[in-house]
Amino acid sequence: MPRFSIIVPSHGVAGRLSQALDSVLGQSFGDLELIPVCDAPDAPAAEVAAGFAERDCRVAPVDSPPSAGLSGARNAGLRVATGAYVLFLDGDDLLLPGALAALDQRLSETAGVDVLYVEHERVPWWEGEPTNPAAPLLARAPKGAFAPADQPELTGVPFPAWSAVYRRAFLVEHELTFPDSHFTDLGWGGLTTLAAGRIAVLRRVVVRHRLRRQGSRLNLPGPHQHALLDQVELVLARAAERALPAVRARALFGQLFAHVLKTASRPERLPGGHRAFFRRAGRLYRRHRPAGFRPPGGSLGVQHRLLAAGGYGAFRALRGANRMASGAAGRLPRPHMPRTRLRYALDLRRPLDPDLVVYCAYWGRGYACNPAAIHAKARELAPHLRAVFLVETGQEHTMPKDVEYAVIGSRRYWEVLARATYLVNNANFAEGIVKRPGSVHLQTQHGTPLKTMGVDQAPYPVVAARSGSYTKLLGRVDRWDFNLSANRHSTQMWERAFPGSYEQLEYGYPRNDVYCTATGEDVARVRRELGVPEGRTAVLYAPTHRDHHTGFEPGLDLEAFCEAAGEDVVVLLRAHYFYDRGPVRSFGRIIDVTAHRSAEDVCLAADALVTDYSSIMFDYANLDRPIVVYADDWEVYQETRGVCFDLMAEPPGPVARTPEELAGVFRDGSYAGAEAAALRAAFRERFCAFDDGRAAERVVRRVLLGEPPQALPPVIPLADRVPAPAGATLVRS
């Protein structure tokens, strides 16, 4: 009986097969049998093998049809093998000089182990340095033989069949054969390690695996990719039968699903069934996840969470668009100068300032939105805290005189970011910001999502191309400790769009507190400041940004609307904040309020809202005033931007598809009629649940003062709230 049986499948490698066979027969240790497995007696590889057999009696070719695949070829070799130990070698790989002698010595030292794992090197097909992927896995193994339970990370799953030696009697005893179909190495590696009683390692490169220019056939797209899950299920089922200790089960599970996620993250490999693959993988994940299993950190951990949750859309978005161009957050300044980097690094080594809070809104546009509302309430409830707002160059004039600020990119900017204990933002801090242990990051968001957000954007090419790297986005999400939600719909969307380990705070939006706390005098004052004539119905027109437009396009002839809607109508035009259009200006019955710093003031001044798909509708609904949706391009918007729900089926008021329809609902008064009120009531029930006027207080107490959730002010029921009165109502009264 020879010491080694070396099985060499040869399908499609006739050109290199002779090199592989020479590398075996040229070993200094010669007690072996060499079994080339050929497609058929008349195949090119068979001719090569036959020539070797004529010259060396240790060569014994066998046949296996191509339809049997790699598993069938290896099993055909196993059936005729007679050696004490079995090795496998691909037909275009090499057994390195001295390999068999080293294996023989190690097997003698470890006294008949079932499996001996060895190192191998992967060599680029053209040029480049070889790699040794097995070395880190074997580095911590004991010097002698050991039980698999002593080294649970050695599961066999990461090792190709040609990176180990197997005792043939062990394989026969346990009736181990290569599983049919593709990815057979994965199933084989898992099954053999599960069955093994004693294993050992050899920290030496034995096989040189020569990568093919075209890559592995397993990486090609096609239905064969689904076979990966067959192998995973086979191994997991066998592991369940053996009732593995928890530590082994967790290691095996993690390594198997590392392979699954590697395939799932490449939708191009499954052009006709990626969703089915993902769903089946998710079912396997949930069925077999061991108790106590914790996903890894970083992007891979995000993928684990999405797979467990069945978040197919978010998963595909995450993996499919992480090389796209940088978005707005990516354009923020970073400490790119050596001196700035050094100073920032030094500041990061200084203690956190326990009383320092850094705020930022809309990438530095000034004092606005939820951060401003939280800051104002913190002054009242936590006066010991010191606040610094971050603003872009040129926006300093927008800051209230009594609010400290730092210009983005300045020395002061990096200093406060390094030392602040609390960081509050309605977008995201710059890429280079370090999340320090002990610091608290609050993401306040800046609207309720109708359009897709975060990783959900990736399927929409126009917006995805502007969104930047989704991997980097999720890196920023990983800095969040808290994420603010205005309603349950938002909570669900944020979990999907920004998967992370943060805590959701369903407290409402602090910026919306004013809709419940403002008085009639406040409304009248704002209307005067904006120039709304007394006795007029002020209609706020607030269209959203369209990613497929290159600039602001009103989408509506506002002068014609005013003429058609009625003599008492004036329009407050507020473009998206991407378009800063200078000071408040009036053009006849149109007042451009785009540049007014407070969207909340503008909403207070308006008697009704006309919008298309802007998130302002969710905020304005808190005022319980009429809302009309002008949806002249709903289908286009759906296709280019993507939406979270069907606004046409659940609108906050009448829906107009043409300018004539829009003018008509104002002319006949139906915009404020009973049917419109019923639609608005249902909309408010769904989207205004937490905006009761005390959101900022809840945030300050929970995040900045550390009070427990049960100590926070309860949410006032919707029916018990009294929104600020409309301006037209004040005049009539």
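Between Leu450 atom CG and Thr544 atom OG1 the span is 8.5 Å, to the nearest 0.5 Å. To the nearest 0.5 angstrom, Asp619 atom CG is 5.5 Å from Tyr515 atom OH. Note that OG of Ser501 is 11.5 Å distant from CG of Asn483, once rounded to the nearest 0.5 Å. We find the CZ-CZ distance between Arg597 and Arg365 to be 5.0 Å, quoted to the nearest 0.5 Å. A distance of 12.0 Å separates CZ of Arg574 from OG1 of Thr611, quoted to the nearest 0.5 Å. With values rounded to the nearest 0.5 angstrom, Ile408 atom CD1 is found 9.5 Å from Phe429 atom CZ.
By the 30° and 60° cut-offs, the orientation of the rings of Phe687 relative to Phe683 is tilted.
The closest donor-acceptor contact from the side chain of Tyr422 to the backbone of Leu385 lies at 3.5 Å or more, if one exists at all. Here the side chain of Glu392 pairs no donor or acceptor atom with the backbone of Val407 at under 3.5 angstrom. The backbone N or O of Thr452 lies less than 3.5 Å from a partner atom in the side chain of Arg641, making a donor-acceptor pair. For the pair Asn426 (side chain) and Thr444 (backbone), a donor-acceptor distance under 3.5 Å is absent. A donor-acceptor pair is defined here as one N or O able to donate and one able to accept, closer than 3.5 Å; no such pair exists between the side chain of Tyr413 and the backbone of Val391. At distances below 3.5 Å, at least one donor-acceptor pair connects side-chain atoms of Thr421 with backbone N or O atoms of Asp353. Judged by distance alone, with hydrogens and angles left aside, the side-chain atoms of Asn370 form a donor-acceptor pair with the main-chain N or O of Arg511 at under 3.5 Å. Under the 3.5 Å distance criterion, the side-chain polar atoms of Gln638 are left unmatched by any main-chain donor or acceptor of Val636. Side chain of Tyr509 to backbone of Gly447: a donor-acceptor contact under 3.5 angstrom is found. Between the side chain of Arg419 and the backbone N or O of Pro351 there is at least one donor-acceptor pair closer than 3.5 Å.
A salt bridge is defined here as a Lys NZ or Arg NE, NH1 or NH2 lying under 4.0 Å from an Asp or Glu carboxylate O, and Arg525 with Glu521 fails to meet this definition. Taking a cutoff of 4.0 Å between a charged side-chain nitrogen and a carboxylate oxygen, Arg476 and Glu431 qualify as a salt bridge. Ion pairing of Asp624 with Arg721 is absent here, as no side-chain N (NZ or NE/NH1/NH2) approaches a carboxylate O to less than 4.0 Å. Ion pairing between a basic and an acidic side chain is recognised when a charged N comes within 4.0 Å of a carboxylate O; Arg589 and Glu563 show such pairing. The pair Arg698-Asp692 meets the salt-bridge criterion, with a side-chain N (NZ, NE, NH1 or NH2) lying under 4.0 Å from an Asp/Glu carboxylate O. Of the charged side-chain nitrogens involved, at least one lies within less than 4.0 Å of a carboxylate oxygen, so that Arg411 and Asp347 count as a salt-bridged pair. At a threshold of 4.0 Å, the pair Glu415-Arg343 does not count as salt-bridged, since none of the basic side-chain nitrogens sits closer than that to a carboxylate oxygen.
Between Pro449 and Ser490 the shortest side-chain heavy-atom distance falls below 4.5 Å. A heavy-atom distance below 4.5 Å is not found between the side chains of Tyr637 and Asp612. Residues Lys451 and Met453 form a side-chain contact, since some pair of their non-hydrogen atoms from C-beta on lies under 4.5 Å apart. Looking at Leu484 and Pro510, their side chains come closer than 4.5 Å, going by heavy atoms from C-beta outward. Using a 4.5 Å heavy-atom threshold, the side chains of Phe666 and Leu662 count as touching. Between Pro652 and Leu647 the shortest side-chain heavy-atom distance falls below 4.5 Å. Counting only heavy atoms from C-beta outward, the side chains of Tyr507 and Leu712 approach each other to under 4.5 Å. Put simply, the side chain of Pro295 does not reach to within 4.5 Å of the side chain of Leu300, judged on heavy atoms.
Counting all heavy atoms, side chain and backbone alike, Leu352 lies closest to Gly438 at CD1-C, 3.7 Å. Smallest separation of non-hydrogen atoms from Arg680 and Pro626: NH1-CA, 3.6 Å. Minimum heavy-atom separation, Ser615 to Thr448: CB-O, 3.3 Å. Smallest separation of non-hydrogen atoms from Ile433 and Arg479: O-NH1, 3.0 Å. For the pair Arg684 and Ala621, the tightest heavy-atom approach, listed with the atom from each and the gap, is NH1-O, 2.7 Å. Contact detail for Asp456 and Gly313: the closest heavy-atom pair is OD1-C, 4.3 Å.
Geometric assessment of Arg686 against the ring of Phe645 yields a positive cation-pi assignment under the 6.0 Å and 45° thresholds.
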- Task: Would you please test Asn425 and His441 for side-chain contact (heavy atoms from CB on, under 4.5 Å) and show each step?
- Result: CA-CA 8 Å; Asn425 206 325; His441 284 239; over 6 Å; no
- Task: Please lay out, stage by stage, how Leu540 and Arg625 fare under the test side-chain contact (heavy atoms from CB on, under 4.5 Å).
- Result: CA-CA 11 Å; Leu540 172 59; Arg625 301 179 192 174; over 6 Å; no
- Please step through side-chain contact (heavy atoms from CB on, under 4.5 Å) for the pair Cys603 and Ile616, ending with a clear verdict. CA-CA 9 Å; Cys603 288; Ile616 200 171; 3.7 Å; yes
- I would like to know whether Leu505 and Leu442 meet side-chain contact (heavy atoms from CB on, under 4.5 Å); could you show each step before the answer? CA-CA 10 Å; Leu505 302 181; Leu442 169 63; 4.2 Å; yes
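Each of Met493, Gln504, Gln445 was compared with Ser485 under the side-chain contact (heavy atoms from CB on, under 4.5 Å) criterion, and only Gln504 meets it. Applying the side-chain contact (heavy atoms from CB on, under 4.5 Å) test between Val532 and each of Val593, Leu572, Asp607, Val526 identifies Leu572 as the sole match.
If you look at Tyr359 and Phe389, their ring centroids are closer than 6.0 Å. Aromatic rings of Trp494 and Tyr502 (six-membered ring for Trp) have centroids beyond the 6.0 Å cut-off, not under it. Aromatic ring centres of Tyr405 and Tyr367 lie farther apart than the 6.0 Å criterion allows.
No hydrogens or angles considered: a donor-acceptor pair under 3.5 Å links the side chains of Tyr613 and Asp633.
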